[in-house]
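We count ligands from 1, going down the list as the structure has it; atoms in each ligand are counted the same way.
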Amino acid sequence: MRMLVTGGAGFIGANFVHQTVRERPDVELTVLDALTYAGNESSLDPVADAVTFVRGDIADTDLVDSLVADTDVVVHFAAESHNDNSLHDPWPFVRTNVIGTYQLLEAVRRHDTRYHHISTDEVYGDLELDDPAKFTPDTPYNPSSPYSSTKASSDLLVRAWVRSFGVQATISNCSNNYGPYQHVEKFIPRQITNVIDGIRPKLYGKGENVRDWIHVEDHNSAVWSIIEKGAIGETYLIGADGETSNKDVVEAILEIMGLDCDAYDHVSDRPGHDMRYAIDATRLRTELGWEPRYRNFREGLAATVAWYQANEAWWRPQKDATEAKYAQLGR
Ligand code: NAD
Ligand code: TDX
């Protein structure tokens with residue numbers, strides 16, 4: 001099988017490539033990645049011999065067409081992915097997430113290529129803390145931020161291309177991922193690397209917001225289940241029952257790193273900050289037989305702390321510029 005992975009130098013895409021090289025040596029992998037500030041080609045160093053890397057833009061019609069012509073399956077991870085950035089400058093989000101997805105859909109339509117679309121639970125908006133409900137594939141779309149609205153737009157393009165043009169596509173909407181190779185702008189790596197640098201972790205607002213954490217390897221094993229067994233045109237929600245408040249995450253990081261649990265600061269809240277996400281992954285579990293491997297968030301978090309401690313050379317070059325951006329936002 002020839003597979004084109006967009007965004008394979010980003011966090012989830014790089015982990016997907018590693019896992020695929022490890023577990024499916026029969027797959028011929030090509031990565032298409034623009035290497036924006038969020039992309040890091042060195043994340044692919046351990047598998048460089050097994051992967052063809054193409055630096056390029058998913059919004060480049062001709063490049064995308066020529067790569068899709070030579071592939072059997074496209075797995076589309078590439079995106080602008082950070083909510084805080086989208087509040088500051090939404091345009092790259094519209095360009096990459098909406099127009100880039102459009103270009104990929106047109107290419108898979110021309111070449112009749114299987115396509116899997118990676119998306120987020122944020123398309124559903126948020127839930128109240130005391131609401132017993134979780135997101136299901138029938139939850140109405142109600143995105144809050146420029147980031148989540150562009151991801152919702154891209155999902156709707158996929159659905160329309162399936163129905164109108166018979167494109168062979170599936171969609172997955174996953175909750176918050178953690179694990180190795182995540183950019184230091186994101187919540188968990190930011191706090192771990194802050195602690196390493198002697199900076200106190202920074203919690204937005206009261207820290208009551210809840211995210212449904214899943215290990216990146218579980219996200220990617222679910223993606224493989226959908227590629228192999230998913231029904232064309234279907235949407236699968238991916239989650240591993242990992243609901244945890246931001247405050248509890250920060251306290252766990254501090255404890256794992258041997259500091260007092262209250263050694264953090266509250267900073268100004270994110271505008272429009274979604275309160276809670278929660279995934280009902282019943283369809284994935286019952287119809288495709290998927291189960292997560294990482295069932296203990298604290299153990300997965302401790303392994304992630306250890307990874308950042310051992311891989312400073314990977315994250316150090318991004319740290320100062322990332323914190324300088326946050327300083328401008330007062331966070
Ligand atoms: P990331 O920001 O770490 O990586 C994105 C990658 O896409 C980078 O390597 C970047 O260089 C590349 N890219 C950006 N614009 C591009 C363009 N125009 N052309 C080609 N490449 C481009 O993101 P991530 O956290 O790995 O997220 C990957 C996907 O998973 C995204 O679609 C995101 O919406 C989705 N997702 C993420 C999470 C999460 O918790 N991180 C949860 C659910 C869904
Ligand atoms: O320093 C911080 N302090 C803090 O309290 C940062 C960076 C974040 N937060 C809070 C905001 C969120 O409630 O932590 C939570 C997680 O923040 P992010 O890592 O920015 O993730 P989130 O906004 O929840 O979105 C993530 O999950 C869904 C990914 O970035 C998206 O790409 C994915 O779609």
Axial cation check for Y178 ring with R211, 6.0 Å and 45° limits =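 Output no; distance or angle outside limits.
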List ligand 2's nitrogen or oxygen atoms that come under 3.5 Å of a protein nitrogen or oxygen, with the partner atom and distance.
from: ligand 2; atom 1: 1 (O); to: R190; atom 2: NH1; distance (Å): 2.8
from: ligand 2; atom 1: 1 (O); to: Q191; atom 2: NE2; distance (Å): 3.0
from: ligand 2; atom 1: 1 (O); to: K202; atom 2: O; distance (Å): 3.4
from: ligand 2; atom 1: 3 (N); to: K202; atom 2: O; distance (Å): 2.8
from: ligand 2; atom 1: 5 (O); to: Y204; atom 2: N; distance (Å): 2.8
from: ligand 2; atom 1: 13 (O); to: R211; atom 2: NH2; distance (Å): 3.1
from: ligand 2; atom 1: 13 (O); to: N246; atom 2: ND2; distance (Å): 2.9
from: ligand 2; atom 1: 13 (O); to: H273; atom 2: NE2; distance (Å): 2.6
from: ligand 2; atom 1: 14 (O); to: N246; atom 2: ND2; distance (Å): 3.4
from: ligand 2; atom 1: 19 (O); to: F187; atom 2: N; distance (Å): 2.9
from: ligand 2; atom 1: 20 (O); to: R270; atom 2: NH2; distance (Å): 2.9
from: ligand 2; atom 1: 23 (O); to: N83; atom 2: ND2; distance (Å): 2.9
from: ligand 2; atom 1: 23 (O); to: R270; atom 2: NH1; distance (Å): 2.6
from: ligand 2; atom 1: 24 (O); to: N176; atom 2: ND2; distance (Å): 2.9
from: ligand 2; atom 1: 24 (O); to: R211; atom 2: NE; distance (Å): 2.8
from: ligand 2; atom 1: 25 (O); to: E122; atom 2: OE2; distance (Å): 2.7
from: ligand 2; atom 1: 27 (O); to: E122; atom 2: OE2; distance (Å): 3.4
from: ligand 2; atom 1: 27 (O); to: N176; atom 2: OD1; distance (Å): 3.3
from: ligand 2; atom 1: 27 (O); to: N176; atom 2: ND2; distance (Å): 3.1
from: ligand 2; atom 1: 30 (O); to: S81; atom 2: O; distance (Å): 3.3
from: ligand 2; atom 1: 32 (O); to: S81; atom 2: O; distance (Å): 2.9
from: ligand 2; atom 1: 32 (O); to: Y147; atom 2: OH; distance (Å): 3.0
from: ligand 2; atom 1: 34 (O); to: T120; atom 2: OG1; distance (Å): 2.8
from: ligand 2; atom 1: 34 (O); to: Y147; atom 2: OH; distance (Å): 2.5

Might you list the protein residues in contact with ligand 1, defined as having a heavy atom under 4.0 Å from one of its atoms, sorted by chain and number?
->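 Lining ligand 1 at under 4.0 Å, by heavy atoms, one finds G7, A9, G10, F11, I12, D33, A34, L35, T36, A38, G39, G56, D57, I58, F77, A78, A79, S81, T96, I118, S119, T120, Y147, K151, C174, S175, N176, N177.
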Pairs flagged by ring pair (Phe, Tyr, Trp, His ring centres under 6.0 Å) wherever residues 42-62 is involved - sequence neighbours left out |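 Sorted pair list comes back empty.
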Do [X] and [Y] get their side chains close enough for a donor-acceptor pair, meaning under 3.5 Å?
{"X": "R316", "Y": "T193", "answer": "no"}
{"X": "K319", "Y": "N194", "answer": "yes"}
{"X": "Q191", "Y": "Y264", "answer": "no"}

Stepwise salt bridge (charged side-chain N to carboxylate O under 4.0 Å, His left out) test for D121 and K151 = CA-CA 10 Å; D121 59 359; K151 291 299 290 186; over 6 Å; no
Relative to the ring of H82, is the ring of Y326 parallel (under 30°), tilted (30 to 60°) or perpendicular (over 60°)?
->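 Plane angle over 60°, so perpendicular.
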Take the angle between the ring planes of W224 and F16 and call it parallel below 30°, perpendicular above 60°, tilted in between.
->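 Plane angle under 30°, so parallel.
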Please list all pairs passing the side-chain hydrogen bond (donor to acceptor under 3.5 Å, both in side chains) test where one or both residues lie in residues 45-60, with sequence neighbours left out.
->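 Qualifying pairs: D57-R95.
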